[in-house]
Amino acid sequence: MIATQQDRSLASRIIEKFKSSYGNDPLVVRSPGRVNLLGEHTDYNNGFVLPAAINKAIYMAVSRREDTVISIISLDLDQPYTGDTRQVVSSPLHWPDYILGVVQQLQALGHPVGGFNCVFGGDIPLGAGMSSSAALECATAFSLNELFGLKLDPLTMVKLAQKAENQFVGVQCGIMDQFASMFGRRNHVIRLDCQSLAYEYVPFNTEGIRIVLLDTNVKHSLASSEYNMRRQQCEAGVRLIQAHHPEVKSLRDATPAMLEEYVAPANALVYQRCRYIVEENLRLLAASDDLQQGDIAAFGRRMFATHEGLSKLYEVSCPELDFLVEHVKGNPAVIGARMMGGGFGGCTINLVKEEAIDELVAKATPAYARAMNKELKVYIGQIENGTSLL
Ligand code: GAF
(Lines give C-alpha, C1' and ligand atoms only; values in the text may rest on other atoms or scores of the structure.)
Protein backbone atom coordinates (compact mmCIF):
# COMPACT_ATOMS: atom_id res chain seq x y z
CA MET A 1 0.00 0.00 0.00
CA ILE A 2 1.32 3.45 -0.87
CA ALA A 3 1.19 5.72 2.17
CA THR A 4 2.08 9.26 1.18
CA GLN A 5 2.54 11.57 -1.76
CA GLN A 6 6.30 11.23 -1.36
CA ASP A 7 6.06 7.43 -1.52
CA ARG A 8 3.91 7.70 -4.61
CA SER A 9 6.39 9.84 -6.48
CA LEU A 10 9.29 7.60 -5.48
CA ALA A 11 7.44 4.50 -6.65
CA SER A 12 6.51 6.24 -9.94
CA ARG A 13 10.11 7.27 -10.56
CA ILE A 14 11.20 3.68 -10.07
CA ILE A 15 8.53 2.34 -12.40
CA GLU A 16 9.40 4.93 -15.05
CA LYS A 17 13.09 4.09 -14.78
CA PHE A 18 12.22 0.42 -15.10
CA LYS A 19 10.11 0.95 -18.21
CA SER A 20 12.67 3.16 -19.90
CA SER A 21 15.49 0.71 -19.12
CA TYR A 22 13.80 -2.62 -19.79
CA GLY A 23 10.71 -1.76 -21.85
CA ASN A 24 8.06 -3.73 -19.94
CA ASP A 25 5.79 -3.44 -16.89
CA PRO A 26 7.27 -4.58 -13.58
CA LEU A 27 5.89 -6.06 -10.41
CA VAL A 28 6.54 -3.56 -7.59
CA VAL A 29 7.18 -4.21 -3.91
CA ARG A 30 7.45 -1.83 -0.95
CA SER A 31 9.60 -2.91 1.98
CA PRO A 32 9.98 -0.56 4.97
CA GLY A 33 12.78 0.36 7.37
CA ARG A 34 12.21 -0.06 11.09
CA VAL A 35 12.44 1.65 14.45
CA ASN A 36 12.97 -0.23 17.68
CA LEU A 37 11.31 1.01 20.86
CA LEU A 38 13.19 -1.22 23.27
CA GLY A 39 15.30 -4.39 23.30
CA GLU A 40 18.58 -3.44 21.65
CA HIS A 41 21.23 -6.08 20.87
CA THR A 42 18.96 -8.66 22.48
CA ASP A 43 17.85 -10.40 19.27
CA TYR A 44 21.06 -12.38 18.74
CA ASN A 45 20.97 -13.32 22.42
CA ASN A 46 17.59 -15.03 21.95
CA GLY A 47 15.89 -12.23 23.88
CA PHE A 48 12.94 -9.91 23.28
CA VAL A 49 12.62 -6.89 20.96
CA LEU A 50 9.93 -4.27 20.32
CA PRO A 51 10.35 -2.95 16.77
CA ALA A 52 7.95 -1.48 14.22
CA ALA A 53 8.04 -0.88 10.47
CA ILE A 54 8.03 2.80 9.47
CA ASN A 55 7.08 5.25 6.76
CA LYS A 56 10.46 5.04 5.03
CA ALA A 57 10.93 2.25 2.55
CA ILE A 58 12.70 0.58 -0.34
CA TYR A 59 10.69 0.20 -3.54
CA MET A 60 11.71 -2.57 -5.89
CA ALA A 61 10.47 -3.13 -9.44
CA VAL A 62 11.22 -6.51 -11.05
CA SER A 63 10.39 -8.63 -14.07
CA ARG A 64 11.50 -12.03 -15.34
CA ARG A 65 14.01 -12.56 -18.12
CA GLU A 66 14.28 -15.51 -20.48
CA ASP A 67 17.99 -15.98 -19.79
CA THR A 68 20.02 -16.30 -16.56
CA VAL A 69 21.17 -12.67 -16.38
CA ILE A 70 20.62 -10.57 -13.25
CA SER A 71 20.43 -6.90 -14.20
CA ILE A 72 20.05 -4.37 -11.38
CA ILE A 73 19.80 -0.59 -11.44
CA SER A 74 19.89 1.45 -8.25
CA LEU A 75 17.92 4.65 -8.80
CA ASP A 76 20.46 6.73 -6.89
CA LEU A 77 23.70 5.23 -8.14
CA ASP A 78 25.23 5.59 -11.58
CA GLN A 79 26.71 2.16 -12.02
CA PRO A 80 24.32 -0.65 -12.95
CA TYR A 81 25.11 -4.24 -11.97
CA THR A 82 25.04 -7.26 -14.26
CA GLY A 83 25.52 -10.82 -13.06
CA ASP A 84 24.39 -14.39 -13.69
CA THR A 85 22.21 -16.70 -11.63
CA ARG A 86 24.51 -19.61 -12.52
CA GLN A 87 27.37 -18.02 -10.58
CA VAL A 88 26.30 -15.72 -7.77
CA VAL A 89 29.39 -14.05 -6.32
CA SER A 90 29.76 -10.89 -4.26
CA SER A 91 30.19 -7.66 -6.20
CA PRO A 92 32.96 -5.07 -5.82
CA LEU A 93 30.14 -2.49 -5.90
CA HIS A 94 28.99 -3.93 -2.54
CA TRP A 95 25.36 -2.69 -2.69
CA PRO A 96 24.24 -5.57 -4.99
CA ASP A 97 25.34 -8.04 -2.29
CA TYR A 98 22.14 -7.51 -0.27
CA ILE A 99 20.18 -8.68 -3.31
CA LEU A 100 22.61 -11.36 -4.45
CA GLY A 101 22.80 -12.82 -0.94
CA VAL A 102 19.06 -13.44 -1.06
CA VAL A 103 19.32 -15.02 -4.53
CA GLN A 104 22.01 -17.32 -3.20
CA GLN A 105 19.93 -18.31 -0.16
CA LEU A 106 16.94 -19.09 -2.37
CA GLN A 107 19.14 -21.27 -4.56
CA ALA A 108 20.63 -22.99 -1.50
CA LEU A 109 17.08 -23.92 -0.43
CA GLY A 110 16.52 -25.46 -3.86
CA HIS A 111 14.22 -22.76 -5.26
CA PRO A 112 14.51 -22.03 -8.97
CA VAL A 113 15.50 -18.40 -9.56
CA GLY A 114 15.81 -17.40 -13.19
CA GLY A 115 17.26 -14.22 -14.66
CA PHE A 116 15.53 -10.98 -13.72
CA ASN A 117 15.62 -7.23 -14.26
CA CYS A 118 15.40 -4.96 -11.25
CA VAL A 119 15.25 -1.26 -10.41
CA PHE A 120 15.16 -0.18 -6.80
CA GLY A 121 15.38 2.97 -4.72
CA GLY A 122 14.12 4.31 -1.44
CA ASP A 123 14.04 7.01 1.19
CA ILE A 124 15.48 5.16 4.19
CA PRO A 125 18.53 7.23 5.13
CA LEU A 126 21.66 5.08 4.75
CA GLY A 127 23.67 4.40 7.89
CA ALA A 128 21.05 6.03 10.12
CA GLY A 129 20.20 2.79 11.90
CA MET A 130 16.79 2.32 10.27
CA SER A 131 17.80 -0.91 8.54
CA SER A 132 17.85 -0.05 4.89
CA SER A 133 19.81 -3.26 4.35
CA ALA A 134 17.12 -5.48 5.89
CA ALA A 135 14.50 -3.62 3.86
CA LEU A 136 16.44 -4.30 0.67
CA GLU A 137 16.84 -7.98 1.54
CA CYS A 138 13.15 -8.36 2.37
CA ALA A 139 12.16 -6.48 -0.80
CA THR A 140 14.27 -8.95 -2.79
CA ALA A 141 12.91 -12.06 -1.08
CA PHE A 142 9.32 -10.84 -1.48
CA SER A 143 9.80 -9.79 -5.13
CA LEU A 144 11.49 -13.01 -6.21
CA ASN A 145 8.95 -15.09 -4.31
CA GLU A 146 6.17 -13.40 -6.29
CA LEU A 147 8.03 -13.35 -9.59
CA PHE A 148 8.96 -17.04 -9.61
CA GLY A 149 5.89 -18.31 -7.75
CA LEU A 150 7.99 -19.85 -4.97
CA LYS A 151 5.12 -19.92 -2.42
CA LEU A 152 7.36 -19.05 0.52
CA ASP A 153 5.73 -17.93 3.76
CA PRO A 154 6.84 -14.61 5.32
CA LEU A 155 8.83 -16.21 8.15
CA THR A 156 10.86 -18.31 5.70
CA MET A 157 11.62 -15.13 3.76
CA VAL A 158 12.68 -13.35 6.95
CA LYS A 159 15.03 -16.18 7.88
CA LEU A 160 16.66 -16.34 4.50
CA ALA A 161 17.03 -12.55 4.36
CA GLN A 162 18.84 -12.66 7.71
CA LYS A 163 21.01 -15.53 6.50
CA ALA A 164 21.90 -13.53 3.39
CA GLU A 165 23.21 -10.73 5.61
CA ASN A 166 25.06 -13.20 7.88
CA GLN A 167 26.67 -15.27 5.17
CA PHE A 168 26.93 -13.09 2.07
CA VAL A 169 27.33 -9.59 3.49
CA GLY A 170 29.21 -10.82 6.58
CA VAL A 171 27.34 -9.04 9.40
CA GLN A 172 26.25 -11.47 12.12
CA CYS A 173 22.98 -9.61 12.72
CA GLY A 174 20.02 -11.06 14.58
CA ILE A 175 16.54 -11.46 13.17
CA MET A 176 14.88 -8.23 14.39
CA ASP A 177 15.32 -5.96 11.38
CA GLN A 178 14.17 -8.41 8.74
CA PHE A 179 11.27 -9.51 10.95
CA ALA A 180 10.09 -5.94 11.53
CA SER A 181 10.37 -5.04 7.85
CA MET A 182 8.35 -8.08 6.77
CA PHE A 183 5.80 -8.32 9.61
CA GLY A 184 5.19 -4.64 10.45
CA ARG A 185 1.62 -3.52 11.10
CA ARG A 186 0.33 0.06 10.99
CA ASN A 187 0.14 1.69 14.46
CA HIS A 188 1.46 -1.41 16.22
CA VAL A 189 4.81 -2.45 17.63
CA ILE A 190 5.83 -6.08 17.39
CA ARG A 191 6.74 -7.80 20.63
CA LEU A 192 8.96 -10.55 19.31
CA ASP A 193 10.49 -13.38 21.29
CA CYS A 194 13.67 -14.04 19.31
CA GLN A 195 14.00 -17.53 20.81
CA SER A 196 10.63 -19.03 19.90
CA LEU A 197 9.84 -16.41 17.22
CA ALA A 198 6.41 -16.06 18.83
CA TYR A 199 5.15 -12.51 18.39
CA GLU A 200 2.25 -10.27 19.18
CA TYR A 201 1.16 -6.89 17.90
CA VAL A 202 0.89 -4.28 20.64
CA PRO A 203 -1.12 -1.15 19.74
CA PHE A 204 1.04 1.97 19.67
CA ASN A 205 -1.30 4.81 18.92
CA THR A 206 -0.30 6.83 21.93
CA GLU A 207 -2.47 9.92 21.69
CA GLY A 208 -0.49 13.13 21.12
CA ILE A 209 2.94 11.47 21.24
CA ARG A 210 5.13 11.01 18.19
CA ILE A 211 8.27 9.07 17.42
CA VAL A 212 11.00 11.57 16.59
CA LEU A 213 14.29 10.33 15.17
CA LEU A 214 17.28 12.61 15.64
CA ASP A 215 19.98 11.62 13.17
CA THR A 216 23.56 12.30 14.32
CA ASN A 217 24.74 12.20 10.73
CA VAL A 218 27.52 9.91 11.93
CA LYS A 219 27.77 6.87 9.70
CA HIS A 220 28.36 3.77 11.75
CA SER A 221 31.65 2.68 10.14
CA LEU A 222 32.78 0.74 13.20
CA ALA A 223 29.46 -0.98 13.40
CA SER A 224 30.04 -4.33 11.72
CA SER A 225 33.39 -5.17 13.35
CA GLU A 226 32.30 -4.04 16.83
CA TYR A 227 28.91 -5.68 16.33
CA ASN A 228 30.45 -9.06 15.60
CA MET A 229 32.76 -8.58 18.60
CA ARG A 230 29.81 -7.92 20.95
CA ARG A 231 28.25 -11.14 19.73
CA GLN A 232 31.44 -13.05 20.57
CA GLN A 233 31.62 -11.46 24.02
CA CYS A 234 28.05 -12.54 24.76
CA GLU A 235 28.85 -16.06 23.60
CA ALA A 236 31.94 -16.09 25.83
CA GLY A 237 29.71 -15.17 28.79
CA VAL A 238 27.34 -18.02 27.97
CA ARG A 239 30.25 -20.50 27.88
CA LEU A 240 31.42 -19.38 31.33
CA ILE A 241 27.95 -20.04 32.75
CA GLN A 242 27.49 -23.27 30.82
CA ALA A 243 30.46 -24.83 32.61
CA HIS A 244 28.21 -24.84 35.71
CA HIS A 245 24.73 -24.76 34.14
CA PRO A 246 24.74 -26.75 30.90
CA GLU A 247 21.03 -25.98 30.47
CA VAL A 248 21.87 -22.29 29.75
CA LYS A 249 21.88 -22.05 25.98
CA SER A 250 22.01 -18.27 25.59
CA LEU A 251 21.91 -15.09 27.69
CA ARG A 252 18.13 -15.43 27.53
CA ASP A 253 18.46 -18.24 30.06
CA ALA A 254 20.99 -16.43 32.28
CA THR A 255 20.09 -14.68 35.54
CA PRO A 256 21.85 -11.70 37.15
CA ALA A 257 23.02 -14.09 39.93
CA MET A 258 24.69 -16.42 37.39
CA LEU A 259 26.53 -13.46 35.89
CA GLU A 260 27.78 -12.38 39.33
CA GLU A 261 28.92 -15.84 40.23
CA TYR A 262 30.52 -17.17 37.06
CA VAL A 263 31.22 -14.30 34.67
CA ALA A 264 32.24 -11.33 36.85
CA PRO A 265 35.24 -13.08 38.48
CA ALA A 266 36.45 -14.50 35.14
CA ASN A 267 36.22 -11.52 32.79
CA ALA A 268 35.17 -7.99 33.75
CA LEU A 269 34.49 -6.81 30.19
CA VAL A 270 32.44 -9.87 29.24
CA TYR A 271 30.51 -9.44 32.50
CA GLN A 272 29.72 -5.83 31.60
CA ARG A 273 28.40 -6.82 28.18
CA CYS A 274 26.31 -9.70 29.53
CA ARG A 275 24.91 -7.62 32.36
CA TYR A 276 23.50 -5.11 29.90
CA ILE A 277 21.78 -7.89 27.89
CA VAL A 278 20.25 -9.62 30.91
CA GLU A 279 19.02 -6.29 32.29
CA GLU A 280 17.65 -5.23 28.90
CA ASN A 281 15.56 -8.39 28.60
CA LEU A 282 14.08 -7.82 32.05
CA ARG A 283 13.51 -4.17 31.16
CA LEU A 284 11.63 -5.09 28.03
CA LEU A 285 9.30 -7.43 29.86
CA ALA A 286 8.52 -4.70 32.38
CA ALA A 287 8.10 -2.14 29.59
CA SER A 288 5.58 -4.38 27.79
CA ASP A 289 3.50 -4.29 30.98
CA ASP A 290 3.84 -0.49 31.01
CA LEU A 291 2.45 -0.34 27.48
CA GLN A 292 -0.38 -2.69 28.31
CA GLN A 293 -1.29 -0.52 31.30
CA GLY A 294 -0.96 2.65 29.23
CA ASP A 295 1.86 3.93 31.44
CA ILE A 296 3.89 5.66 28.75
CA ALA A 297 5.86 7.71 31.31
CA ALA A 298 7.26 4.52 32.89
CA PHE A 299 7.97 3.17 29.42
CA GLY A 300 9.92 6.32 28.58
CA ARG A 301 12.02 6.10 31.74
CA ARG A 302 13.06 2.61 30.69
CA MET A 303 14.20 3.96 27.32
CA PHE A 304 16.59 6.33 29.13
CA ALA A 305 17.82 3.39 31.22
CA THR A 306 18.44 1.39 28.07
CA HIS A 307 20.55 4.21 26.69
CA GLU A 308 22.61 4.27 29.86
CA GLY A 309 23.25 0.54 29.53
CA LEU A 310 24.12 0.74 25.82
CA SER A 311 26.47 3.62 26.44
CA LYS A 312 28.23 2.59 29.66
CA LEU A 313 28.04 -1.20 29.77
CA TYR A 314 27.65 -2.36 26.19
CA GLU A 315 29.69 0.58 24.84
CA VAL A 316 28.05 0.88 21.43
CA SER A 317 27.15 4.57 21.67
CA CYS A 318 29.25 7.54 20.55
CA PRO A 319 29.62 11.15 21.80
CA GLU A 320 27.05 12.43 19.31
CA LEU A 321 24.36 9.95 20.41
CA ASP A 322 25.13 10.59 24.08
CA PHE A 323 24.89 14.33 23.49
CA LEU A 324 21.45 14.08 21.88
CA VAL A 325 20.04 11.90 24.67
CA GLU A 326 21.52 14.17 27.35
CA HIS A 327 20.15 17.22 25.53
CA VAL A 328 16.52 16.07 25.70
CA LYS A 329 16.72 14.62 29.22
CA GLY A 330 14.82 16.83 31.61
CA ASN A 331 12.61 18.25 28.84
CA PRO A 332 9.09 17.47 30.11
CA ALA A 333 7.84 17.03 26.55
CA VAL A 334 10.25 14.14 25.98
CA ILE A 335 8.83 10.93 27.42
CA GLY A 336 11.85 8.79 26.59
CA ALA A 337 14.97 8.78 24.45
CA ARG A 338 17.84 6.47 23.60
CA MET A 339 20.21 5.49 20.84
CA MET A 340 18.65 3.07 18.38
CA GLY A 341 19.99 0.11 16.40
CA GLY A 342 23.50 -1.31 16.22
CA GLY A 343 25.14 1.92 17.41
CA PHE A 344 28.31 3.99 16.77
CA GLY A 345 26.20 6.54 14.93
CA GLY A 346 22.76 6.69 13.39
CA CYS A 347 19.74 8.01 15.27
CA THR A 348 18.30 8.47 18.69
CA ILE A 349 14.65 7.51 19.05
CA ASN A 350 12.57 9.95 21.10
CA LEU A 351 8.95 9.84 22.23
CA VAL A 352 7.87 13.46 22.16
CA LYS A 353 4.63 15.31 22.86
CA GLU A 354 3.39 16.45 19.49
CA GLU A 355 2.93 20.12 20.32
CA ALA A 356 6.55 20.41 21.53
CA ILE A 357 8.32 18.90 18.51
CA ASP A 358 8.99 22.18 16.67
CA GLU A 359 10.50 23.79 19.74
CA LEU A 360 12.61 20.73 20.48
CA VAL A 361 14.00 20.71 16.93
CA ALA A 362 14.60 24.47 17.02
CA LYS A 363 16.71 24.09 20.15
CA ALA A 364 18.45 20.79 19.43
CA THR A 365 19.63 21.75 15.93
CA PRO A 366 21.89 24.71 16.89
CA ALA A 367 22.95 23.04 20.15
CA TYR A 368 24.08 19.95 18.24
CA ALA A 369 25.86 22.03 15.61
CA ARG A 370 27.71 23.98 18.32
CA ALA A 371 28.71 20.93 20.35
CA MET A 372 29.47 18.44 17.59
CA ASN A 373 30.03 20.62 14.56
CA LYS A 374 27.59 18.52 12.58
CA GLU A 375 24.18 18.99 11.03
CA LEU A 376 21.25 17.38 12.82
CA LYS A 377 18.60 15.66 10.69
CA VAL A 378 15.13 15.02 12.01
CA TYR A 379 12.55 12.44 10.94
CA ILE A 380 9.07 11.92 12.31
CA GLY A 381 8.48 8.18 12.34
CA GLN A 382 5.04 6.84 11.55
CA ILE A 383 4.35 3.16 12.12
CA GLU A 384 3.37 1.47 8.88
CA ASN A 385 2.67 -1.95 7.40
CA GLY A 386 5.43 -4.39 6.49
CA THR A 387 6.60 -5.64 3.10
CA SER A 388 3.85 -5.84 0.51
CA LEU A 389 3.05 -5.77 -3.16
CA LEU A 390 2.05 -2.36 -4.53
C1 GAF B 1 21.33 -4.20 13.97
C2 GAF B 1 21.08 -5.69 13.69
F3 GAF B 1 20.88 -5.89 12.37
C4 GAF B 1 19.90 -6.23 14.49
O5 GAF B 1 19.79 -7.62 14.30
C6 GAF B 1 20.01 -5.88 15.97
O7 GAF B 1 20.95 -6.72 16.60
C8 GAF B 1 20.37 -4.40 16.16
O9 GAF B 1 21.48 -4.01 15.38
C10 GAF B 1 20.68 -4.08 17.59
O11 GAF B 1 19.56 -4.30 18.39
O12 GAF B 1 20.27 -3.43 13.50
Side-chain angles (χ1 to χ4, degrees), residues 31-54 56 97-98 101-102 124-138 158-184 189-195 197 199 213 215 218-235 250-252 273 276-281 283-284 287 302-303 306-307 309-311 313-318 321 338-349 381:
S31 191
R34 64 102 188 91
V35 290
N36 184 25
L37 272 295
L38 219 70
E40 214 64 90
H41 286 273
T42 42
D43 60 352
Y44 55 84
N45 287 299
N46 281 353
F48 299 96
V49 291
L50 207 58
I54 51 164
K56 299 224 167 275
D97 289 353
Y98 298 95
V102 171
I124 310 173
L126 295 182
M130 291 181 226
S131 291
S132 50
S133 46
L136 184 51
E137 289 150 4
C138 287
V158 164
K159 286 182 180 167
L160 70 87
Q162 180 201 5
K163 232 169 168 190
E165 178 123 5
N166 292 166
Q167 296 182 356
F168 206 83
V169 181
V171 178
Q172 300 306 314
C173 67
I175 202 166
M176 171 172 73
D177 299 353
Q178 290 79 7
F179 198 98
S181 182
M182 188 69 76
F183 280 87
V189 291
I190 309 168
R191 184 183 176 284
L192 172 67
D193 176 341
C194 298
Q195 181 156 276
L197 297 183
Y199 64 98
L213 302 168
D215 186 351
V218 177
K219 302 294 166 224
H220 41 36
S221 60
L222 264 178
S224 52
S225 56
E226 288 289 329
Y227 186 95
N228 291 347
M229 196 185 292
R230 291 298 175 283
R231 244 194 121 127
Q232 286 162 17
Q233 289 165 336
C234 293
E235 283 159 13
S250 70
L251 287 180
R252 164 69 173 273
R273 306 296 190 236
Y276 162 74
I277 298 294
V278 170
E279 286 177 356
E280 179 70 350
N281 272 328
R283 200 159 27 233
L284 193 140
R302 294 191 209 281
M303 291 174 74
T306 291
H307 184 79
L310 286 166
S311 179
L313 295 175
Y314 216 60
E315 296 183 289
V316 290
S317 187
C318 62
L321 288 165
R338 64 176 195 82
M339 58 148 282
M340 187 180 76
F344 303 101
C347 290
T348 63
I349 176 167

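Numbering of residues begins at 1 and proceeds along the displayed sequence. Both counts, for ligands and for their atoms, begin at 1 and track the order of listing.
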Quick one: do Asn228 and Gln232 satisfy side-chain hydrogen bond (donor to acceptor under 3.5 Å, both in side chains)? Show the steps, please.
CA-CA 6 Å; Asn228 291 347; Gln232 286 162 17; over 6 Å; no
Applying side chain to side chain contact (heavy atoms under 4.5 Å, CB included) to Arg338 and Asn36, what does each step give before you reach the verdict?
CA-CA 10 Å; Arg338 64 176 195 82; Asn36 184 25; 3.7 Å; yes
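Proximity of Glu226 to Val316: side-chain heavy atoms (C-beta onward) are nowhere separated by under 4.5 Å.
Between Phe179 and Tyr199, the ring planes lie perpendicular to each other; the angle is over 60°, past the 30° to 60° tilted range.
Taking the centre of each ring, His41 and Tyr227 come in below the 6.0 Å mark.
A distance limit of 4.0 angstrom between heavy atoms and ligand 1 selects the residues Arg34, Glu40, His41, Asp43, Tyr44, Cys173, Gly174, Met176, Asp177, Tyr227, Gly341, Gly342.
Listed for the Asn281 side chain is a donor-acceptor partner under 3.5 Å among the backbone atoms of Phe48.
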